[in-house]
Engineer: 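Okay, here's the structure, questions in a sec.
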Amino acid sequence: MKLISGLVPWERTLPHFPVYPVLDGDITCDCLIVGGGMGGAMASYRLSSSGANTVLIDKHAVGKGSTSANTGLLQVANDKSLTSCMNTFGADNGLLFYKLCRKAIGDILKLPGTLDIDPHIIPRSSLLYASFPEDVAALKLEHDHLAAHGFDTEFWEEDKIRAHYSFAKPAAIYSRGDAETNPFRMLHSLIHKACASGVRVYEHTKASHFEFGPQGVTCYTETGRIFANQVIFAMGYETQEMKKDRGAELIHTYAIMTQPLKNLPHWHEQSLIWETARPYLYFRTTNDGRIIAGGKDEQLTDPGQREARVRSQSQRLLEELEALFPGIKGLSAEFAWGGVFGFSHDGLPFIGPHPDYPHCYFIEGYGGNGTVYSMIAAELLADTLAGISRPELELFSLTRTSRPSPSSPAVRT
């Protein structure tokens, strides 16, 4: 599957990233992680502290998949609002999802002090603005629900937005407690630390097939076999090539990163910015004074047409950026790229076991908050493998109904 088109920016920020050997021979382990993206990185890091004998493999070099197209926004809020989650899954389960995201952000913000490679994780506030006047009522209701349950938010009206930014919008939710990261550095910092703590990492090691036995799983590669008691599949959107998730859909999304600016426009706290429209636009800054803009989602196009689509959509993103911040007119995009992006129909990721794959678990971070979901998955699965019950997995079940009911029983934690 061709995941990325165009020119991505992150690898230049870590020119001497770690490399790992190819598997040569047969090995055994407690847990095999298949996939060296963000899901695999989070899982390997978390398992390295649990004492589990862990192996991670990737068919390419680690970090060369969807993570290299990640734009690094880390937020408590999701593509599906808390209000919508409560209406869809019931008040308790909708709130549980948002609380798990808040805890995951807190755990991510603790990472820099534990890692040897700086992941460029920076605390940020967020601004979610109403794209249209008719969105204001729903935005106000969302703020009321967030505030009632202890989330650190404020409801801003047009005058306050204008005082803090170069633009005015009908209303917005201003939130504290989010973050941004350099996803390439973050992934490598996690895997590097996991490897230093005993996780065996093998690049350019493709799993050709698996045998599922009564006691575990045998993974066959071109250069050896891996005998594992448990397997975590963290293959990102390529999981769809292994099994089809009826509740998920793949599309194409786009992003740009500008050249460095001498002075950023009027932009309160360099907050993360996004909007209520769907599909939405989003914006962030970087630690070297650039701006990232993303969005313009569309149905998957033919791989042969994607480079041309990157060029045209990147121009549209520049126009959107200039409309929001008129003072930067004439700025160019130094990097422009497109990537395959997945979302689930009910707004939740898929995390946990599947009845067709014994001794196996999946991390499928569908949605715009995939890095946060990876942190949630790493904690839930590490505990599960250690024999600790995590009923929260019911919320993310791979076999959950495609028509959830708000009257369904709450997940008890």
Engineer: Can you run down the salt bridge (charged side-chain N to carboxylate O under 4.0 Å, His left out) pairs that involve residues 259-281, sequence neighbours left out, and say none if there aren't any?
Structural biologist: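 Salt bridge (charged side-chain N to carboxylate O under 4.0 Å, His left out) check on residues 259-281 returns no pairs.
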Engineer: With sequence neighbours left out, what residues match E322 under salt bridge (Lys or Arg N to Asp or Glu O under 4.0 Å)?
Structural biologist: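 Here the qualifying residues are K329.
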Engineer: Could you measure the distance from the CD1 atom of I33 to the CZ atom of R200? Nearest 0.5 Å is fine.
Structural biologist: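 Nearest 0.5 Å value for the CD1-CZ distance: 12.0 Å.
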Engineer: Hey, can you pull the donor-acceptor pairs under 3.5 Å for the side chains in residues 111-119, sequence neighbours left out?
Structural biologist:
from : atom 1 : to   : atom 2 : distance (Å)
T114 : OG1    : Y45  : OH     : 2.8
T114 : OG1    : L111 : O      : 2.8
D118 : OD1    : H120 : N      : 2.9

Engineer: Taking only residues two or more places apart in sequence, or in another chain, which ones meet R316 in a salt bridge (Lys or Arg N to Asp or Glu O under 4.0 Å)?
Structural biologist: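 Not a single residue meets the salt bridge (Lys or Arg N to Asp or Glu O under 4.0 Å) criterion with R316.
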Engineer: Which residues pass the ring-ring contact (aromatic ring centres under 6.0 Å, His included) test with H266, sequence neighbours left out?
Structural biologist: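 ring-ring contact (aromatic ring centres under 6.0 Å, His included) check on H266 returns nothing, list empty.
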Engineer: Evaluate salt bridge (charged side-chain N to carboxylate O under 4.0 Å, His left out) for R290 paired with E334, printing each intermediate quantity in order.
Structural biologist: CA-CA 10 Å; R290 301 168 186 265; E334 186 170 342; 2.8 Å; yes
Engineer: Among all residues two or more places apart in sequence or in another chain, which pass the salt bridge (Lys or Arg N to Asp or Glu O under 4.0 Å) test with E157?
Structural biologist: none
Engineer: Would you tabulate the side-chain donor-acceptor contacts of residues 380-389 under 3.5 Å, counting partners in other chains and residues two or more places apart, or write 'none'?
Structural biologist:
from : atom 1 : to   : atom 2 : distance (Å)
D383 : OD1    : R46  : NH2    : 3.0
D383 : OD2    : R390 : NH1    : 2.6
T384 : OG1    : L380 : O      : 2.7

Engineer: State, to 0.1 Å, how close G36 and L56 come at their nearest heavy-atom pair, and which atoms those are.
Structural biologist: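 Looking at all heavy atoms of both residues, the closest pair is CA-CD2, 4.0 Å.
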Engineer: Excluding sequence neighbours, so at least two apart, what forms side chain to side chain contact (heavy atoms under 4.5 Å, CB included) with D135?
Structural biologist: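 Partners of D135 under the side chain to side chain contact (heavy atoms under 4.5 Å, CB included) test: A130, S131, F132, T276.
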Engineer: Look up atom CZ in R309 and atom OH in Y254, then write down how far apart they are to the nearest 0.5 Å.
Structural biologist: 5.0 Å
Engineer: For Y361, check ring-ring contact (aromatic ring centres under 6.0 Å, His included) against everything at least two apart and list the hits.
Structural biologist: none
Engineer: Do D58 and Y20 pair up side chain to side chain, a donor and an acceptor below 3.5 Å, judged on atom types alone?
Structural biologist: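 Y20 and D58 do not have a side-chain donor-acceptor pair below 3.5 Å.
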Engineer: Is the CG atom of D356 crowded by more than 12 outside heavy atoms at less than 6.0 Å?
Structural biologist: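 Check passes, neighbour count above 12.
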Engineer: Report the residues that fulfil ring-ring contact (aromatic ring centres under 6.0 Å, His included) with F341, sequence neighbours left out, ordered by chain and then residue number.
Structural biologist: none
Engineer: One pair to check against salt bridge (charged side-chain N to carboxylate O under 4.0 Å, His left out): E158 and R162. What are the steps and the verdict?
Structural biologist: CA-CA 6 Å; E158 184 173 348; R162 184 184 290 110; 2.9 Å; yes
Engineer: I would like to know whether F233 and F210 meet ring pair (Phe, Tyr, Trp, His ring centres under 6.0 Å); could you show each step before the answer?
Structural biologist: CA-CA 12 Å; F233 289 103; F210 297 87; 5.1 Å; yes
Engineer: Just jot down the salt bridge (Lys or Arg N to Asp or Glu O under 4.0 Å) partners of E320, sequence neighbours excluded, or say none.
Structural biologist: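 Partners of E320 under the salt bridge (Lys or Arg N to Asp or Glu O under 4.0 Å) test: K296.
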Engineer: F283: which residues meet the ring-ring contact (aromatic ring centres under 6.0 Å, His included) condition with it, sequence neighbours left out?
Structural biologist: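 In terms of ring-ring contact (aromatic ring centres under 6.0 Å, His included), with neighbours along the sequence ignored, F283 is linked to no residue.
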